[in-house]
Amino acid sequence: MSCWSLLDRCCEKCSCTLNNPCSNFIDCRITGPLCHDDEQCRELRTRRFEELRYGETGSKIRVPIASCTLATGSEAVYNAIREAVGKMRLKVTVTITGCHGLDFIDPWVEFTAKDMPTAIYGNVKPGDVPKLIEDYFIKRDVSKAFVLRDRKGTAAGEDKVPLLEELDFWRKQYKWVSRNCGFVNPESLEEYIANGGYKGLSRALKEGPERVIDEILRSGLRGRGGAGFPTGIKWRIARQQSATPKYVVANADEGDPGAFMNRLLAESDPFRIVEGLTIAGYTVGASQGYIFVRAEKPLMARRFQIAVEEARRHGLLGKNILNSGFDFDIEVILSAGAFVCGEETAMLAAIEGKRAWPRQRPPYPAERGLWNKPTVINNVETLAHAATIMAEGANKFTEVGTEKTKGTKMFCVTGSVQRVGAYEVPVGTSIRCLVEELAGGAMGNCKIKAVQIGGPSGGCIPANLLDLPIDYETLQSAGAIMGSGGIVVISDENCMVDVAKFFLTFTSAESCGKCVPCRVGLRVMWNILNKITNGEGSEEDIDTLRQLAETVRTSSLCALGGTAPNPVLSTLRYFMDEYKAHIKDRVCPAYVCSALIKYRINEESCIACRQCALNCPVNAIFRVEESGKYRIDEKACISCGVCFTVCPVKAISKVSASG
Amino acid sequence: MKVKIDGKEVEVEPGTTLLSAAEKVGIEIPRLCVIPGLYEGSSCRVCLVKTPAGRLFPACNYRVYRDEEFVSNSLDLWEMRRVNFELILKFHRIECWQCYRKGQCSLATLSKELMVEGIPVCSECPLSPSECLLQKGILCLGMITQSGCRAECLFSGGECWGCRGPISRRDLIERAFEHYIELGYDVKAVISKAEIFWNSLSELKIVKEAADRVVDRE
Ligand SMILES: Cc1cc2nc3c(=O)[nH]c(=O)nc-3n(C[C@H](O)[C@H](O)[C@H](O)COP(=O)(O)O)c2cc1C
Ligand code: SF4
Ligand code: SF4
Ligand code: SF4
Ligand code: SF4
Ligand code: FES
Ligand code: FES
């Protein structure tokens, strides 16, 4: 057992200190020692790597502490594990980690030991913990595990449990930026470095800014925040500006409902983003960086704060980083919390302490941004990509992807699917692969009707186009956007007009109100959709809707208004029949719009349990004397649907109000 | 810097807005929200112009730093400006009869330029709110009549007879009827005066319905 950490000096001969940093520090920790040769120093490193993997005691339990796992109770599991390990006097290290993105197995835990296969247990409850620990560490039995990460042939039941990389939802992913997520301790700089961290910055500082820009350009990296602007070009424009000082900003204001890849990445591997931001700062010639974090994601903000402080404490931020003469520091800023704060110019206003209003571009921030100085703004995933590209090389990055967009992208698949989660796949993967093979297809007996890609301002792609590859250009021509990578699966139980209205409810409420098309146009469009779902629509409404959508899309000041009509335009394009049914026949084909449906009790199947009558808020259900069964008084019924959900034998059905 | 707008070239200082560049060659671009030097937030979006490639920019806010070309006069631009202006009017409480701007406002001016209907004759009436004929017991139809006649009848000392037909917004018609009732006029009298010119118009029905709703509410 040792207490030596990779970040400490290995012996007296190591000359690296905060005041006199060594430019080879990172390489030296991994493959060193470099400046001197000593068997003992080398051994120290090998031993430490082993300890980081299996714990100082040879056995380790990792519990994910990230917002998604906390929501399902991983903190209680963590405490239960600490308690059980203590009571059983086991020599097991318990640490925290981030999240794999496999939300359907939350909360999970990972058990590992030198002579045992690494096992992941899914959907763990605190009560299960003692039994699981006993099985694994004492009986050496892994048969209850959800998956194994390797096989060693040393445990009972090994052959009954599949390997993680054999399963579709893992095998079809390409873990590039998210490689560390769920595997390392996100609060430990040491673990990050042990897993290849800071190699990118180290290389960048040695090769110089121009070479960094070349490498990023060669990788073809495009911004992952939505618009897909080539990152290398953005950096070059900012670098060429003569005005100083310059700034770099990481955009961690992820605000799309249904998108959580940025949060997951930042909570699971924050150092990668800090490293990426440092590289960006070095490349454009900035000495101050900001991380703009959504205040509603406090754990993400805390992890960034810890990462920045740790990096500063070990000389990876501050003066003369790795003896390169480059000074750089980062401040974490909490966002004001509106969706529009993620828009780059609104974000700059917020950082300056003003109201978060977008402003008209040009001038673009790379020319005039924070305090009118050149400013690079990048999405956190973009920055993490940049750090990884600098470490692994552009060639590796370009191995996957499409002609126009290289590399991978993280997507969040939510909605009516079996395996809600965040998946990283090569750009150009088909929607079908993501939704069916990775996320497991539609939930229950439903069928997929459409997928909404790109968040609330994306577009609905119908099921017959699921084979489209996901890249910026294809999605754009299909009427959706890449956005930040949120994918909401819509099943045949949803009404598409209602879906369009739902997204418009969000965007019209989130409009900052600065420009007319977005502030008023979206509100008027919402009113029309509301009219249609109430069965009061007319033929002209469709034309008005289309004209308004076109005007809002093209003439809004920022991309919030510029993309908000997408759900309407895309549903008009692919689901016109549903609009027509609402308008012409006054029928909601999916039986969702409450003004257009009635509830009816089938007396044959009714078992006279009286549940519906007891729960009806307006006492609209009465007993029919002759049969003893129940019936709905259609005049009194307000179509709330309570009876439909409480009936134990599904004797209540929805019928069209007009029919 | 040379800017070309609708084919006309003009030499300007770097940093000049497109709006002033256009003015130099006598091109009037409609505008509403801009107060040069004070507010250039480009909110109203009625000054939009486009590049030959079709990218839209507000002329009030776009500053020229290199030689560029723009189009300010095309059907789709006018259409877009009109829709945006209509959106602004949509939630504006148009009651020119008692508004102290009395039509001397950019909304009334722009509505003519962009040919947007919905502003009543009162916006063109020469009488101040306190001189309004309705105050004197003379039944004037200005409140519910579409403007554009430059209030000829009012200028010649008479009242509005509604020859241009009713304004299109139902909510404004309803407000006008509320005002008629407030001032002691009989709704029936208003309708029968309106029928003189509007008898053959299908919009008369809308006006009558609006009147009924107001009466019901009262
Ligand atoms: C309404 C709105 C919200 C946005 N939210 C985010 C966000 O949460 N995160 C983000 O990275 N980019 C967001 N963007 C995009 C940013 O404006 C900007 O394009 C991006 O941060 C640039 O980084 P990239 O080049 O790395 O993609 C948003 C844009 C708009 C219009
Ligand atoms: S839908 Fe609601 S209001 Fe109607 S009968 Fe059922 S519970 Fe009562
Ligand atoms: S005069 Fe102008 S500001 Fe006044 S109510 Fe009429 S349109 Fe509005
Ligand atoms: S006199 Fe007639 S037109 Fe003039 S303000 Fe009064 S109602 Fe309007
Ligand atoms: S009668 Fe006709 S022309 Fe005369 S003021 Fe009224 S609307 Fe104008
Ligand atoms: S929200 Fe983009 S300007 Fe209105
Ligand atoms: S005048 Fe309002 S946007 Fe230009």
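The shown structure was predicted, so the numbers you read here are calculated from the model rather than taken from an experiment. Chain identifiers are assigned alphabetically (A, B, ...) following the order of the sequence lines, protein sequences preceding nucleic acid strands; residue numbering begins at 1 within each chain. These values consider heavy atoms only, across backbone and side chains, with no hydrogens, waters or symmetry-generated copies.
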Output the distance between atom CZ (A:Arg519) and atom CD1 (B:Ile88), rounded to the nearest 0.5 Å. 7.5 Å
Take A:Gln547 and B:Glu79 through the test side-chain hydrogen bond (donor to acceptor under 3.5 Å, both in side chains) and record every step on the way to the result. CA-CA 10 Å; A:Gln547 187 188 34; B:Glu79 192 59 13; 2.7 Å; yes
Side chain from CB out, backbone as N, CA, C, O: work out which of these in B:Tyr62 comes under 4.5 Å of a heavy atom of chain A, or both, or neither. side chain
B:Lys90 NZ: over 12 foreign heavy atoms closer than 6.0 Å: no
side-chain contact (heavy atoms from CB on, under 4.5 Å) between B:Leu87 and A:Leu548, intermediate numbers included: CA-CA 9 Å; B:Leu87 288 174; A:Leu548 275 173; 3.8 Å; yes
Between the side chain of B:Arg45 and the main-chain N/O of A:Ser556, is any donor-acceptor distance below 3.5 Å? yes
If you draw a 6.0 Å radius around NZ in B:Lys112, do more than 12 non-hydrogen atoms from other residues or ligands fall strictly inside? yes
Is the number of heavy atoms from other residues, nucleotides or ligands under 6.0 Å of B:Glu11 CD greater than 12? yes
Below 4.5 Å from any heavy atom of chain B, which atoms of A:Arg523 appear? Answer side chain, backbone, both or neither. side chain
Exceeds 12 heavy-atom contacts within 6.0 angstrom, atom CZ of B:Arg213: yes
Can a side-chain donor-acceptor contact be found between A:Ser555 and B:Asn84 if the only test is distance below 3.5 angstrom? yes
Honestly, the part of B:Arg55 sitting under 4.5 Å from a heavy atom of chain A is side chain
Does A:Lys580 NZ have over 12 foreign heavy atoms under 6.0 Å away? no
Taking atom OH of B:Tyr100 as the centre, does the number of heavy atoms from other residues, nucleotides or ligands within less than 6.0 Å exceed 12? no
Does a sphere of radius 6.0 Å around OH in B:Tyr185 hold more than 12 heavy atoms from other residues, nucleotides or ligands, not counting ones at 6.0 Å or beyond? yes
Any side-chain heavy-atom pair from B:Pro58 and A:Gln360 closer than 4.5 angstrom? yes
A:Gln476 atom CD, over 12 foreign heavy atoms within 6.0 Å: no
Using modelled atom types and a 3.5 Å cut-off, is there a donor and acceptor pairing between side-chain atoms of B:Ser43 and backbone atoms of A:Lys514? yes
Shortest non-hydrogen pair, A:Thr551 vs B:Met80, comes out as CG2-CG, 3.7 Å
Please examine the side chains of B:Tyr65 and A:Pro363, heavy atoms only from C-beta on, and report whether any two atoms are closer than 4.5 Å. no
